[in-house]
Asker: 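There's a structure below that I have some questions on.
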Amino acid sequence: MTKTRPSAPFSNVTRRQLMAGAAALSVGAMIPVAAWADGSRLNVRAYLEPDDYDPLDASGFLEELLYGCIYRKLIQYVPGEEWDWQLDLAESIEQTSPTTIEFRLKEGQMWSDGYGEITAEDVKFSMDRHMVEENNSRIKPDLGSFTHVEVTGTYSGIIHLDRPFAPLWTIALPYLAGTVICKEAVEAAGGKITTAVPPAVSGPYRVVEHRLGERWVLERNPEFSGTPADFERVDLIVVVDDSAAEIAKDAGDVDFTSIGAGSVQRLRDNPPAGSRMTVHPALFYHWVGLNVQHPKFEDERVRQAIMHAIDVPSIMQAAFFDVAEPSTGIIAPGLIGHRPETLIPPQADFARARELLDEAGIDRLEINIDVLNNVTHTTAAQVMQAMMAQAGIDLNISVHESGSFWSLGVAADGDRWQDLELTIKRFSMTPDPYYATAWFVSDQIGDWNWEQFSSEEFDRLHDEALSETDPDLRDEMYRRMQDLMEESGGYRFLTHGVTANLFADSIAPATRPDGLPLVQFFRRA
Amino acid sequence: MLQYAFQRVLLALAIVFVAISALFTIMITLPGDPTTVLLGPRATPELRAAFRANMGLDDPVLVQIANFWGRVLTGDLGMDYNRNRPVAEAVFSALPHTMALVFGAIFWSASLGILLGAFSADNRNSWLDRVTGVISVGFIAAPSFVVALYSLLLFSVTLRWFPTIGAGEPGDILSRLYHLALPSFAIGLAWVGYVARIVRASMLETLGENYIRTARAFGLPRRTVIYGYALRLAILPAVQVLGVGIGGMLSSAVFAEIVFSRPGLGSLIYDSVSGRNYPVVMGSMLVAIGFFVTCALIADLVNAALDPRHRVKS
């Protein structure tokens, strides 16, 4: 029996094979291992970069996306289909008089980084600083008639208003202005949070790193006093373009993203494997506005003729890809003040429009419309141009970039505001009707009320509805206000649009009724 | 050479000064209050006034331009009042990403383009030359944003070879290169064609020169004559074009950075222009124009160093 000498490991590997193997290993090393393949990492798309960690500088939902993860509030929105709030830091909170709200905090709710327990002093500090003029808070208007917080104990306090302010419950306390930050940490930082990561957080996640222009890296906050977050790490990734975000979702680089309305039908017909899509009615409102003070439109019949000549369903089909519903006003379904229907049906009535023009003694009417240079509004204007010709109205379209467009109706920026005729605009919205009507009071002429609509009844109702705490009465007031807008002939309401979300089926996202994500409540499926 | 370099540097500084001052004037005189776009409808008149004062928008245009240059000369690019951070912080954190993207694209496109051009010239009128010509023109004709989208769909979504977004993990060079591959491919592809065509034409001209004939007559190997002597001179026009082409690449970088969701000067300029964030627009444009002019200057100096005729002519 012959014994062969055992060969050394890899002795039969040639030099060429070894080099090829090394090259393959190198390439393999370049491909990052899916370190979070167990699903403990969540990548959420942000369509722009949030400004910073300080609520004083917050301007909208992008900051809320971040703040919701790292900070807490007395109350928070309930995820789901209906607008409601739930207790967060507060153990109890109650409107004890039209101008006072008493709250008591849960005990044992902790700040990170050794800043101790969350107390009523933190709530007072967080809300009162918005009222200090030098602080230049951008969200001060959200607090309405709020004056100050009175601390009555370590965990209790009273929120004082100088007159009743119903929106406090819908857009102040559960949103940006209600964000509670750590008094001791912020004072130590000089009164403003300008550090690379926030000095103290209280939410389910804490900031590890901010890569400018790219992403915010968060990780689970071990000192969070609520139910621990499901994800070890959350990346809020800045993806500006909708198509790029959709591709990133397809490739698995993003777990949750909003997508453009143009993709909804295609994804409904061919849903991508391992993904789900949800479509929510948004809160925004798009409308065609007409400057009622313009000499061309002095005759109310001319204004009404124009309104009758705008075919909203055609605009929905061409500009909103047939996924959005025509709106009945500026207040979305589900909110106080939503109207079931418009006074003028959404379908155009060209015969009626022609009849009104004939009555006004106009054979051919030439009018101008100014729109922002986005595809949705330019398409809507082109549809209007094609359809209105049937009623004898020639529409000229002027397209503007954002800076130029948003100054068109502003008196401080020149005389153009007086010459405006028609515009298409979209305003953002919060879940309280006051936020929608605030831009159309007489005081806003020369600022945001480009239609120059002025109604004493509207102004009075807007003022009264702010203080009205009976939901039914408020509902009636806001409906009447939208009737007044429509009766003026200055408004053709288009739609609220939709928010469509595409996400991996391995996660259970939580969203507000308008589809905006509440990442702090996201769970693994 | 020193005098030539000095003249070029002076010219570069003048270009930066004129370009930025003109841009500043155009931007400031555009209709509309930037604070309206910047702060949105909720901003109170007091807040808008405070922003206007902070940004110096109430001063006359000439004073604003003088203030801007005064700050720049002391190394201060101003303050981004929207995000409460120095403009320099935003700009200089974005710049390395754009430089990596642009130089990555130049590196691979120039390497391949020079080889293809030299190969085509060496095999003039062969079927390989014709195929290379068709490919080159095809590359030139492909817009970078279309290449970016389709390369994403093919290499990231279908094949899953590359990531779709981001710039990679900081401090991890392999991750950075991995995230850089597809964007630099997208913006560099057209330049392969340009460089190949330029090098081919230049090589054909050079191969007809007397010194090449002499080298051949002395019996030097063909490869040495072509790649050692002829190519050295033939790539000069390509170097010049690449130097100026940095400007084009910066424009393509805007698309690439948006499509691939990468941080960088392009996306910073896009965001700040859309948001009328003037201090950031000015700071980032100053750096972008400075970067472009520096690259063009380096290309000039390299050309002068490689070809003395160039500096004598200049």
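Numbers restart at 1 for each chain; the letters A, B, ... are given by sequence-line order, proteins then strands.
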Asker: Could you look at Glu257(B) and say if it's the side chain, the backbone, both or neither that has a heavy atom under 4.5 Å from chain A?
Answerer: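 For Glu257(B), neither part sits under 4.5 Å from chain A.
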Asker: What's the spacing between Leu152(B) CG and Ser243(A) OG if we round to 0.5 Å?
Answerer: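 One gets 10.5 Å once the value is rounded to the nearest 0.5 Å.
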Asker: So for atom CG, which belongs to Asp58(B), do other residues, nucleotides or ligands contribute more than 12 heavy atoms lying within a distance under 6.0 Å?
Answerer: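 Atom CG in Asp58(B) is crowded, with more than 12 foreign heavy atoms closer than 6.0 Å.
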Asker: Identify which part of Phe405(A) has an atom lying under 4.5 Å from any heavy atom of chain B, answering side chain, backbone, both or neither.
Answerer: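 Neither; nothing under 4.5 Å.
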Asker: Knowing that exactly one of Leu212(A), Thr194(A), Asp52(A) qualifies, which makes a side chain to side chain contact (heavy atoms under 4.5 Å, CB included) with Arg85(B)?
Answerer: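 So the option named by the test is Leu212(A).
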Asker: Please flag which part of Val239(A) lies under 4.5 Å from any non-hydrogen atom of chain B: side chain, backbone, both or neither.
Answerer: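 Both parts, heavy atoms under 4.5 Å.
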Asker: Does CZ belonging to Phe145(B) count more than 12 external heavy atoms closer than 6.0 Å?
Answerer: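 Count not over threshold, so no.
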Asker: Roughly how far, to the nearest 0.5 Å, is the OG1 atom of Thr164(B) from the CD atom of Glu246(A)?
Answerer: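 Separation between the atoms: 12.0 Å.
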Asker: Which bit of Trp448(A) comes within less than 4.5 Å of chain B, counting heavy atoms only: side chain, backbone, both or neither?
Answerer: side chain
Asker: Taking C-beta and beyond as the side chain, do Phe51(B) and Asn136(A) meet within less than 4.5 Å on heavy atoms?
Answerer: no
Asker: Return yes when atom CZ of Phe427(A) has more than 12 non-hydrogen atoms of other residues, nucleotides or ligands closer than 6.0 Å, and no otherwise.
Answerer: yes
Asker: Got a donor-acceptor contact below 3.5 angstrom from the Glu214(A) side chain to the Ser261(B) backbone?
Answerer: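 Judged by distance alone, no pair lies under 3.5 Å.
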Asker: With a 4.5 angstrom heavy-atom cut-off, which part of Ala50(B) approaches chain A: side chain, backbone, both or neither?
Answerer: side chain
Asker: If every non-hydrogen atom of Gly168(B) is compared with every non-hydrogen atom of Arg211(A), which pair is closest and at what distance?
Answerer: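 Nearest pair, atom of Gly168(B) first, then Arg211(A): O-NH1, 3.6 Å.
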Asker: Measuring heavy-atom distances to chain B, does Asp250(A) have an atom under 4.5 Å in its side chain, in its backbone, in both, or in neither?
Answerer: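 Contact with chain B: backbone and side chain both.
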Asker: Counting heavy-atom pairs under 4.5 Å to chain B, which of Ile247(A), Val410(A), Asp447(A) comes out on top?
Answerer: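 Answer, by heavy-atom pair count under 4.5 Å with chain B: Ile247(A).
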Asker: For the candidates Pro163(B), Ala94(B), Ala167(B), which exhibits the highest count of non-hydrogen atom pairs separated by less than 4.5 Å from chain A?
Answerer: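 Option with the top pair count is Ala167(B).
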Asker: Less than 4.5 Å to any heavy atom of chain A: does that hold for the side chain of Ser267(B), its backbone, both, or neither?
Answerer: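 Looking at Ser267(B), nothing touches chain A.
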Asker: Taking the side chain as every heavy atom from C-beta outward, state whether Pro263(B) and Arg215(A) have any pair of such atoms under 4.5 Å apart.
Answerer: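 No - every pair of side-chain heavy atoms lies 4.5 Å or more apart.
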Asker: Picking from Asn43(A), Val238(A), Leu48(A), Asp142(A), which has the most non-hydrogen pairs under 4.5 angstrom with chain B?
Answerer: Asp142(A)
Asker: Counting only non-hydrogen atoms closer than 4.5 Å, does Glu49(A) touch chain B with its backbone (N, CA, C, O), its side chain (CB onward), both, or neither?
Answerer: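 For Glu49(A), the contact with chain B is made by backbone and side chain together.
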Asker: Surrounding CZ of Phe146(A) (heavy atoms of other residues, nucleotides or ligands, distance under 6.0 Å), is the total greater than 12?
Answerer: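 Enclosed: over 12 neighbouring heavy atoms sit under 6.0 Å from CZ of Phe146(A).
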Asker: Is it the backbone or the side chain of Asp271(B) that comes under 4.5 Å from a heavy atom of chain A, or both, or neither?
Answerer: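 Contact with chain A involves the side chain of Asp271(B) alone.
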Asker: Roughly how far, to the nearest 0.5 Å, is CZ of Phe260(B) from CG of Asp253(A)?
Answerer: 11.5 Å
Asker: Could you give the distance from CG (Leu47(B)) to CD (Glu133(A)), rounded to the nearest 0.5 Å?
Answerer: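 Those atoms lie 9.0 Å apart.
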Asker: Determine, for Lys140(A) against Glu46(B), whether the closest basic-nitrogen to carboxylate-oxygen distance falls under 4.0 angstrom.
Answerer: no
Asker: Against chain A, label Leu268(B) side chain, backbone, both or neither, depending on which of its atoms sit under 4.5 Å from a heavy atom there.
Answerer: neither
Asker: With only heavy atoms counted, which part of Ser428(A) is less than 4.5 Å from chain B, the side chain, the backbone, both or neither?
Answerer: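 It is neither, since no heavy atom gets under 4.5 Å.
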